[in-house]
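Single-structure report; data block below.
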Number of protein chains: 2
Amino acid sequence: MARAPTTTDAFNAVAEPRRRQILDILIGGERSVTDLVDLLGLAQPQVSKHLRVLREVGLVDARDDGRQRLYRLNGHALKPIHDWVTKYEQTWSERFEQLDAVLEELKNEEE
Amino acid sequence: MARAPTTTDAFNAVAEPRRRQILDILIGGERSVTDLVDLLGLAQPQVSKHLRVLREVGLVDARDDGRQRLYRLNGHALKPIHDWVTKYEQTWSERFEQLDAVLEELKNEEE
DNA sequence: CGATCATATGCCCATATGGGAATACGTTCA
DNA sequence: TGAACGTATTCCCATATGGGCATATGATCG
């Protein structure tokens, strides 16, 4: 079997840095393809292809406006990633490290 | 250009579900390769290959213990993903939706 | 040492990638 | 209607994937 297609899920779609860039831009609101092309400095066809991937996994929605097509973020599709990665937060978070330190201190005081 | 190698960064490494599974298991603590093989129901070589990818991007560390090799989670390598995806949290979080509702209400009362 | 256990590496293959370039499609405007 | 604009699709190609399988490497034990 080969690597799973980029359109398999949000994890795969978002592994590509350009697609993350696109989403980052869309945080600011709806954008046309040309806007994205200008902001990304990529060729138009590649941008359209990335948008297709993002649309297939539900990360963006589109609506037509004259001859333009406006793309809009659908952040909800990122929730699975957020949920998954958040389980690991305590692994690195300073807050948790400080908590550990405090608990250790309390333990020592007991003795 | 082809798709970026899985060893490029955590985003790419973690796009593969088996590798996420491995990390999920390692939350519980160190595991030998054989442990992982049993828990995953995968062939040993594939597990070793997945572990290599995870090690190359710093998501796991290993230490030798006799003829076993024990793998351990390094959650810190997930921080970039967490940081990135957290920017989007307000897009879907119910808390934020409720906040929006409250703000709307306040605004109406003002009038 | 030889045997066995634990892990890693190598090879094969079908599959999809992302960019480049050309072009097709759809809409607006003169 | 024809031209120009905005977007999507198609074809080409080098590259890497992940699984299956065989085998190499490393460590322990009798």
Side-chain angles (χ1 to χ4, degrees), chain A residues 1-26 29-57 59-73, chain B residues 1-26 29-57 59-73:
Chain A
M1 206 183 291
R3 207 195 311 197
T6 52
T7 51
T8 303
D9 54 29
F11 283 97
N12 280 280
V14 146
E16 162 67 45
R18 302 300 201 168
R19 286 194 286 265
R20 288 201 300 279
Q21 269 189 276
I22 291 177
L23 297 179
D24 286 344
I25 291 171
L26 293 181
E30 276 185 339
R31 295 283 184 180
S32 71
V33 178
T34 304
D35 284 349
L36 292 169
V37 167
D38 293 343
L39 291 167
L40 294 169
L42 260 181
Q44 177 266 317
Q46 334 305 345
V47 174
S48 281
K49 288 178 201 168
H50 284 313
L51 287 169
R52 186 144 165 45
V53 173
L54 291 173
R55 206 157 37 124
E56 284 197 34
V57 298
L59 277 165
V60 302
D61 296 315
R63 88 183 159 87
D64 287 340
D65 174 39
R67 36 182 150 178
Q68 302 199 125
R69 180 162 293 177
L70 300 179
Y71 283 88
R72 153 176 23 91
L73 180 65
Chain B
M1 206 184 291
R3 206 196 311 199
T6 53
T7 51
T8 302
D9 55 28
F11 283 96
N12 281 280
V14 147
E16 162 66 47
R18 302 302 202 165
R19 287 195 283 265
R20 289 201 299 279
Q21 270 189 277
I22 290 177
L23 296 179
D24 286 343
I25 292 172
L26 292 182
E30 276 185 338
R31 295 284 185 179
S32 71
V33 178
T34 305
D35 284 350
L36 292 169
V37 167
D38 293 344
L39 290 166
L40 295 167
L42 259 183
Q44 176 267 317
Q46 334 304 346
V47 173
S48 281
K49 287 178 199 167
H50 283 314
L51 287 169
R52 185 143 165 44
V53 173
L54 292 174
R55 207 154 39 122
E56 284 196 36
V57 298
L59 278 165
V60 302
D61 296 314
R63 87 181 158 90
D64 288 340
D65 174 39
R67 37 183 150 178
Q68 300 200 126
R69 179 163 292 178
L70 300 180
Y71 282 87
R72 154 178 22 94
L73 180 65

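Computed from a predicted structure; not experimentally measured. So you know, we letter chains A, B, ... as the sequences are listed, proteins then strands, and number each from 1.
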Is a side-chain N or O of B:Glu16 found less than 3.5 angstrom from the main chain of B:Arg18, in a donor-acceptor match? yes
Verify, without hydrogens or angle tests, whether B:Arg69 (side chain) and B:Asp64 (backbone) share a donor-acceptor contact under 3.5 angstrom. no
For the side chain of B:Gln46 and the base of D:dG20, is some donor closer than 3.5 Å to an acceptor across the two? yes
Does the D:dA8 base have a donor-acceptor partner in the side chain of A:Gln44 within less than 3.5 Å? yes
Heavy-atom distance under 4.5 Å between the side chains of A:Asp9 and A:Val57, does that happen here? no
Do the numbers put B:Arg20 on top of the ring of A:Phe11, so that NZ or CZ is under 6.0 Å from the six-membered ring centre and no more than 45° off the axis? yes
Atom [atom1] of [X] to atom [atom2] of [N]: distance rounded to whole Å?
{"X": "B:Arg18", "N": "D:dT17", "atom1": "CZ", "atom2": "C1'", "result": "15 Å"}
{"X": "B:Glu16", "N": "C:dT15", "atom1": "CD", "atom2": "P", "result": "17 Å"}
{"X": "B:Arg69", "N": "C:dA8", "atom1": "CZ", "atom2": "C1'", "result": "8 Å"}
{"X": "A:Asp64", "N": "D:dA8", "atom1": "CG", "atom2": "P", "result": "8 Å"}
{"X": "B:Leu51", "N": "D:dG19", "atom1": "CG", "atom2": "C1'", "result": "15 Å"}
{"X": "B:Asp65", "N": "D:dG26", "atom1": "CG", "atom2": "P", "result": "18 Å"}
{"X": "B:Glu56", "N": "D:dG18", "atom1": "CD", "atom2": "P", "result": "12 Å"}
{"X": "A:Leu40", "N": "C:dG20", "atom1": "CG", "atom2": "P", "result": "13 Å"}

Nearest-0.5 Å distance, CG of residue B:Leu26 to CZ of residue B:Arg31: 8.0 Å
CZ on A:Arg3 to CZ on B:Arg3, rounded to 0.5 Å: 4.0 Å
If you check the [X] side chain, which of [options] turns out closest?
{"X": "A:Ala2", "options": "D:dT17, D:dA8, D:dT10", "result": "D:dT17"}
{"X": "A:Arg67", "options": "C:dT27, C:dT7, D:dT17", "result": "C:dT27"}
{"X": "A:Pro45", "options": "D:dG19, C:dA6, D:dT9", "result": "D:dT9"}
{"X": "A:His50", "options": "C:dG19, C:dA8, D:dG18", "result": "C:dG19"}
{"X": "A:Lys49", "options": "D:dT7, C:dG19, D:dG20", "result": "C:dG19"}
{"X": "B:Thr6", "options": "C:dT17, C:dT7, D:dG18", "result": "D:dG18"}
{"X": "B:Ser48", "options": "D:dA14, C:dT7, C:dG19", "result": "C:dT7"}

OP1 or OP2 of C:dA6 under 4.0 Å from side-chain N/O of B:Tyr71: no
With a 4.0 Å limit, can you tell me whether A:Arg52 has a side-chain N or O closer than that to the phosphate oxygens OP1/OP2 of D:dA8? no
DNA chain C: 5'-proximal contact among B:Arg3 and B:Leu70 (nearest heavy atom): B:Leu70
By nearest-nucleotide position on DNA chain C, the 5'-leaning member of B:Asp35 and A:Leu42 is B:Asp35
Heavy atoms under 4.0 Å, any strand shown: does A:Arg19 hit a base, just sugar-phosphate, or nothing? sugar-phosphate
